[in-house]
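First up is the structure itself, then whatever we jot down about it.
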Amino acid sequence: MRPFFQVLPADDAPSVPLNTQTLTEWEISTDEILIEQLKTNVNLYAQLEALSLLSLRHGLDHDTGLSAMDGTAGRVCDLLEESYQRAGDQHAWYIVRRCAGLLGKYDINLEQAATDILVRQHALTLGRAYSGRATLTCPADSLEILQTIRAYNNNDASEHIIIQELVIYLGMLIKSNPELFIDMHTVRVGHILQLLVARQKRESGCGTLDQAFNEILSLSPYQLSCKVKETLEDYSSTESQLGLAEMLHHEGDCRELTNARFSKSMDPIDRGEIDDWYQWREQQGSVGRENDAFFASIWDILHHCKGLTIGDKLNSKNRLDSENTLSQSTAGEQSFKLHVNHLLNKIQAPVYRQLTVEALKAMASIFRETPSLQIDDTLLTDIIIGHAVRISWLQSHPESKDNYEECVSLAWQDFYRLPPHKVANGILDALIYLLNNNERGTL
């Protein structure tokens, strides 16, 4: 029943997660190095990461060159299935969920759970952010639900599987504890996941949101279902915790930031035949060429914070730890440039890649103007840009303050079309908000 049981090495020692530096090294390593890990490394986490990277590069049907006792070629999916079985035997839930996501598995109860929510007159949003296209208002089959989850969440298999799991627990809770859903006209699963992560960060005392998300992935199904119930029981309090989880703690005076503004002179003059800033960003993001000054500016940012996450805020592989990075490389070092470039290239949408580059440049300029400002947290580009979009939209559409969630899509479209100096000012406004809110929260 398990033809590849003898292929992957194993021993009785407990498996341990890999550190961020090792994960990053493997991400930019050759296939040969990953295959060697599969041949020799008994750590289930190491085997999972190697298979995950091979899957991303070549697909599930890729032949790893390893074979079963009868000579059957070991594809990535075959070895992932074996890892899935081993992790299940050991109740290693993080690995179980990651393997299940990569293999495209789903629970047969998914369709019924979604229906249980919908028939009780609640819409169901399956995306990380609210979107009409990611919202179900009538029952759908499992395939349609899965396609929506994959289309409207980040391209991360573990996030896809946890969203499915949350739908199932929410379906159970709406039957057993319907009072938890009073006044919740739309059940936003992605938002509930963010509340869970924020709650976990506070309860466990872990430093970053990605670490909290990894802890969520490591919970047993029973523990996770209990966390979902606790979160809904304490919904309003957890909402405020989500905001607090994004706040930045700092040393030094940040009041002078309110007087600093970026001027129109920073906008590129020659855009060729492109009139629209969205198209300009799409073109710039597709080319993706950054100069040495840009990488030096990233280096400068790391001197002012605990770390920097470029791209998906819940993915530990996207985090540059300041202490490790600054001690092990230099600003002009090729390995540092390759690492930063690798993180940017993982952002699939060219227009968002360019927006991230602009956000990083703006942050570097802000730190140059306020050298005494030290932030005792990891800066997350996703969160900073998200707040910049919201603040920019509400400045020009104050009437949307109470229903911003319904305008999110329009707000992003509008932000993408702003000239660079207005985007930079949006990033500045977002930083001021995150820093000042922290100050208000401590009074």
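Positions are given from 1, in the same order as the sequence printed here.
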If every non-hydrogen atom of [X] is compared with every non-hydrogen atom of [Y], which pair is closest and at what distance?
{"X": "Phe295", "Y": "Glu290", "answer": "CE1-O, 3.6 Å"}
{"X": "Thr381", "Y": "Ile310", "answer": "OG1-CA, 3.6 Å"}
{"X": "Leu8", "Y": "Arg86", "answer": "O-NH2, 2.8 Å"}

Fill in: Name of the residue among Thr325, Asp210, Thr24, Thr309 meeting side-chain hydrogen bond (donor to acceptor under 3.5 Å, both in side chains) with Arg319
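Option passing the side-chain hydrogen bond (donor to acceptor under 3.5 Å, both in side chains) with Arg319: Asp210.
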Exercise. Test salt bridge (Lys or Arg N to Asp or Glu O under 4.0 Å) on Glu215 and Lys227 and set out the steps.
Key: CA-CA 12 Å; Glu215 290 179 4; Lys227 290 271 187 187; over 6 Å; no
Within the 3.5 Å criterion, strictly below it, is a donor on [X] or [Y] matched to an acceptor on the partner's side chain?
{"X": "Asp276", "Y": "Tyr416", "answer": "no"}
{"X": "Gln21", "Y": "Gln328", "answer": "yes"}
{"X": "Arg353", "Y": "Thr356", "answer": "no"}
{"X": "His191", "Y": "Glu405", "answer": "no"}
{"X": "Asp321", "Y": "Thr20", "answer": "no"}

request  = Classify the ring geometry between His397 and Trp393 as parallel (under 30°), tilted (30 to 60°) or perpendicular (over 60°).
outcome  =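 Taking Trp393 first and then His397, their aromatic rings lie parallel (interplane angle under 30°).
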Hey, is the main chain of [Y] close enough, under 3.5 Å, to the side chain of [X] for a donor-acceptor pair?
{"X": "Arg97", "Y": "Glu165", "result": "no"}
{"X": "Asp267", "Y": "His421", "result": "yes"}
{"X": "Ser55", "Y": "Leu60", "result": "no"}
{"X": "Ser297", "Y": "Phe294", "result": "yes"}
{"X": "Gln47", "Y": "Asn41", "result": "yes"}
{"X": "Ser15", "Y": "Tyr45", "result": "no"}

Heavy-atom side-chain proximity of Phe262 to Pro420 below 4.5 angstrom | no
Inset, instruction - Start with the C-alpha gap between Lys105 and Glu81, add the side-chain angles, then the distance that decides, and say whether salt bridge (Lys or Arg N to Asp or Glu O under 4.0 Å) holds. - result: CA-CA 10 Å; Lys105 293 180 181 289; Glu81 189 65 47; 3.2 Å; yes
Across all chains, not counting sequence neighbours, the salt bridge (charged side-chain N to carboxylate O under 4.0 Å, His left out) partners of Asp61 are Arg75
